[in-house]
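Below: one structure, written as structure tokens.
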Amino acid sequence: MKDLSKKVVVITGASRGIGLESAKLFAHRGAHVVLLSRSAEALAQAEEEVKKIGAETLALPLDVTVESEVAKTFDQIFKRFGHVDILVNNAGTGFATDLATCSMEDFRKIFETNVTGVFLCNRAVLPSMKTRQSGHIINISSIVGKVANPNAPLYCASKHALNGYTSGLQQQVVKDNIRVSSVSPSAVDTAYWGDRPVDRTKFLKPEEVAQVILFVASQPDGVLIKDIDITAQR
């Protein structure tokens, strides 16, 4: 498996759930970990957890949907570390929507976080990765990006869009020795579900998805896991 010590790993949506668990795993492997999240308070707590592992960390509040914030934040990252080796686009949002009545605000919130945010963060790191002829982008999608459901169709549509974007990016940057992967879990026991009355006992756990993200990132140079589906078997 690939040596990740001192690799610069940037994770969006890193204050809790899959993002935080991933940050911990990368920290255990000796990586320098950058945690990005909208919630400054939760982010500070997450940073303390990762620091306890002994990793060099940087925590920056970021709304991935705001172009100027993304540019400013990644400038700070480059000033601190010089480059980004691995970017994990984990920030996402979703909720149940009725397509006959949902608002444009709902539509924009879902698509701007799940698609536009990924585009902006990737655009921020790609020029440097191309110059260095090295880098790995891991986009966190969902199995509903392949087969939709009637409960959250806008969320499903956003993940379909993300998958199309990811495939196109894979093909564009392969010549630059940049790897682009998609990780597509089934339902995960995270804050995504809010107060909805769902049985989470058979859902994936955030730490299980994080293990798969680490596995994807740990493949040796020259090996690309393009897309990996994960589901709970319990």
Backbone N/O of A152 and side chain of N149: donor-acceptor pair under 3.5 Å: yes
Residues R38, E69: salt bridge by 4.0 Å N-O rule: no
pair R123-V70: side-chain heavy atoms closer than 4.5 Å: no
Residue pairs involving residues 113-163 (criterion ring pair (Phe, Tyr, Trp, His ring centres under 6.0 Å); sequence neighbours excluded): Y155-Y192
4.5 Å side-chain heavy-atom contact, T231 and I143: no
Flag, side chain of D3 to backbone of S5, donor-acceptor distance under 3.5 Å: yes
Heavy-atom side-chain contact between S22 and L25 under 4.5 Å: no
K2, NZ atom: more than 12 neighbouring heavy atoms under 6.0 Å: yes
Smallest separation among heavy atoms of V84 and R132, with atom names: O-NH1, 4.2 Å
Residue pairs fulfilling side chain to side chain donor-acceptor pair (under 3.5 Å) with at least one residue in residues 73-83, sequence neighbours excluded: E56-R80, H83-D85
Least distance between heavy atoms, V33 atom then A27 atom: CG2-N, 3.9 Å
From I140 atom CD1 to S182 atom OG, the distance as rounded to the nearest 0.5 Å: 7.5 Å
K146, NZ atom: more than 12 neighbouring heavy atoms under 6.0 Å: yes
Side-chain heavy atoms of L120 within contact of V64, under 4.5 Å: no
Contacts of type side-chain hydrogen bond (donor to acceptor under 3.5 Å, both in side chains), residue S39, not counting sequence neighbours: none
Flag side-chain contact, heavy atom, 4.5 Å: K7 against H32: no
Shortest non-hydrogen separation from D227 to D229 and the atoms involved: OD1-OD1, 3.9 Å
4.5 Å side-chain heavy-atom contact, I178 and K130: yes
Interatomic distance, E48 atom CD to I53 atom CD1 [nearest 0.5 angstrom]: 12.0 Å
No-hydrogen, no-angle side-chain donor-acceptor test under 3.5 Å, T166 and Q170: no
Distance-only donor-acceptor check, side chains N139 and Y165, under 3.5 Å: no
Which atom pairs, one a donor and one an acceptor, fall under 3.5 Å between side chains of residues 90-97 and the rest of the protein, sequence neighbours left out?
{"residue": "N90", "atom": "ND2", "partner": "T12", "partner atom": "O", "Å": "3.3"}
{"residue": "N90", "atom": "ND2", "partner": "G13", "partner atom": "O", "Å": "3.0"}

Expected output: side-chain S167 to main-chain N163 donor-acceptor under 3.5 Å: no
Charged N-O contact under 4.0 Å between E49 and K52: no
Geometric class of the F107/F111 ring pair [parallel <30°, tilted 30-60°, perpendicular >60°]: parallel
Within 6.0 angstrom of Q133 CD, more than 12 heavy atoms from elsewhere: yes
L43 to P61 - nearest heavy-atom pair and separation: CD2-N, 3.5 Å
Side chain proximity check, V216 to V183, heavy atoms < 4.5 angstrom: yes
Side-chain (T65) to main-chain (E112) donor-acceptor, under 3.5 angstrom: no
Salt bridge (charged side-chain N to carboxylate O under 4.0 Å, His left out) pairs, two or more places apart, involving residues 155-174: none
Determine all donor-acceptor pairs shorter than 3.5 Å in which one atom belongs to a side chain in residues 201-210; sequence neighbours excluded.
{"residue": "T201", "atom": "OG1", "partner": "D199", "partner atom": "OD1", "Å": "2.8"}
{"residue": "T201", "atom": "OG1", "partner": "D199", "partner atom": "OD2", "Å": "3.2"}
{"residue": "E208", "atom": "OE1", "partner": "K205", "partner atom": "N", "Å": "2.8"}
{"residue": "E208", "atom": "OE1", "partner": "R234", "partner atom": "NH2", "Å": "2.7"}
{"residue": "E208", "atom": "OE2", "partner": "R234", "partner atom": "NH1", "Å": "3.1"}
{"residue": "E208", "atom": "OE2", "partner": "R234", "partner atom": "NH2", "Å": "3.4"}

Min side-chain heavy-atom separation V10-F81 under 4.5 Å: no
Considering all heavy atoms, the nearest L4-A217 contact: CD2-O, 4.0 Å
